[in-house]
Every structure is written in structure tokens, then in C-alpha cells.
Amino acid sequence: MKTDFETLKALASYTINHLKEKGMIEFDVSQRLELIDALAVEYNVSFATDEDIKEQAIEEVEDKYGADNVPDNLTESEMYNHARKEIIKSFNGENISGLYLVESLHDTAKRVNNFLNESELIEDVFGTDDEVIQYLVPMIRAFSLKRG
């Protein structure tokens, strides 16, 4: 399964649904899709998708060998696969449903908490910062596209 921005949107929808069901946030339902998109953009800072890694690997190969020396079938080449594996290794292999953690899960939860408190799309957040963060960490960790 390849991950892309749609995967981040699925994680954002999952997050919004859980927070709403738990009674931790209040928002105008008519702005739900806008809220999901905004949270997905925020999640994009915390997670790298397969698409992000592919783009980064291509850039690294082009920088190293020069854009003129890159084969047409670059994504099937050994140099691309090596660059991709090195990028994935830099994330310590940690991923959640194919999304690679760029920062710790706790920092991601803090980022989401800040987003919730600062977003004009959220009418109210119920719970202290610590309560919201403590709820978010295991909830995000449990995300799966299969359960999504």
C-alpha cells in the first residue's frame, strides 16, 4: 500500500471523529471537510508519505548524479532504491500505517493539540493540554487504513 496526502486526510478524519466522539472538541459540522484538510496539512509536517520519500529519493539521485545522468526508469534503479532505503532508515523505520514519523509521536500529539486550540475551525476544546495529548498519542498509534 502506497501512502500519499489522501492517507494523511484519512488520519485527520480518524482523529476528528475520535475527538468528537470522545466529546473533546466542538466544531461546525458544515466545516468538517475543511477541518480535515487543514489537519492533514498539519499532519504533513509530522509524517512523510511514500510519495514524499519517492520525491526526496529522486531529488537526492538527481543532486548526486546530475539530472542529465538519471536513467528514464529511475524508480526501478539501484541508485534510487538505495536513496529510498537510506531515507526510510533516517526515520528509524517507525511508521504508522505506512506514514513515517518525522518527529516523535508525542511531538505530533502536541502539534495537533496546538492546532486544535489555534484553529478558527474548532469552536471549543474540552480538556487540558495534557489530557488531549495523552488521548492523542495512543489514538494516533492505533490508526490503520483498514480500520480507518
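With values rounded to the nearest 0.5 angstrom, M139 atom CE is found 5.5 Å from L19 atom CG. With rounding to the nearest 0.5 Å, the separation of CG in D130 from NZ in K110 is 10.0 Å. Atom CG of residue D68 and atom CD of residue E62 lie 9.5 Å apart, to the nearest 0.5 angstrom. Considering OG1 of T7 and NZ of K2, their distance stands at 11.5 Å, rounded to 0.5 Å. Here the CD atom belonging to E60 is positioned 4.0 Å from the CD1 atom belonging to I87, to the nearest 0.5 angstrom. Interatomic distance, I140 CD1 to I96 CD1, rounded to the nearest 0.5 Å: 7.0 Å.
Of all heavy-atom pairs between L35 and S119, the closest is CD1-OG, 4.4 Å. Between D52 and A48 the shortest heavy-atom distance is OD2-CA, 3.5 Å. Across all their heavy atoms, L136 and A109 have their closest contact at CD1-O, 3.5 Å. The shortest non-hydrogen separation linking I36 to A12 is O-CB, 3.4 Å. Across E51 and D4, no two heavy atoms sit closer than the pair CB-CB, 4.2 Å. Scanning all heavy atoms of the two residues, the minimum distance from Y80 to A57 falls at CE1-CB, 3.6 Å.
Scanning for side chain to side chain donor-acceptor pair (under 3.5 Å) contacts around R84 gives an empty result, with sequence neighbours left out. For K54, the salt bridge (charged side-chain N to carboxylate O under 4.0 Å, His left out) test picks out no residue, with sequence neighbours left out.
Remark: the backbone N or O of T3 is paired with a side-chain donor or acceptor of D50 at under 3.5 angstrom. N117 contributes a side-chain N or O that, together with a main-chain N or O of N113, makes up a donor-acceptor pair within less than 3.5 Å. Not one N or O on the side chain of H82 forms a donor-acceptor pair closer than 3.5 Å with the backbone of E78.
Transitive grouping of hydrophobic side chains (ILVMFWY, heavy atoms separated by less than 4.5 Å) brings I58 and Y65 into a common cluster. Residues V41 and L116 share a single hydrophobic cluster, defined by chaining ILVMFWY side chains whose heavy atoms lie under 4.5 Å apart. Grouping the Ile, Leu, Val, Met, Phe, Trp and Tyr side chains by contacts below 4.5 angstrom, directly or via other members, places F126 apart from I16.
Under the 4.5 Å side-chain criterion, counting only non-hydrogen atoms from C-beta, F47 is in contact with T108. L99 is listed as a side-chain neighbour of T49, based on a closest heavy-atom distance under 4.5 Å. Residues N95 and Y100 meet the side-chain proximity criterion, which asks for heavy atoms closer than 4.5 Å. No side-chain heavy atom of T15 sits under 4.5 Å from any side-chain heavy atom of F143.
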Next item on the list: Using the side chain to side chain contact (heavy atoms under 4.5 Å, CB included) rule, take R111 and D107 through it: C-alpha gap first, then chi angles, then the decisive distance, then the call.
Entry: CA-CA 6 Å; R111 178 180 301 283; D107 286 346; over 6 Å; no
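The side-chain hydrogen bond (donor to acceptor under 3.5 Å, both in side chains) analysis of residues 25-35, with sequence neighbours excluded, yields the pairs S13-R32, N17-R32, K20-E26, D28-S30.
Partner K9 forms a side chain to side chain contact (heavy atoms under 4.5 Å, CB included) with one of D37, L39, N44 and no other, that one being D37.
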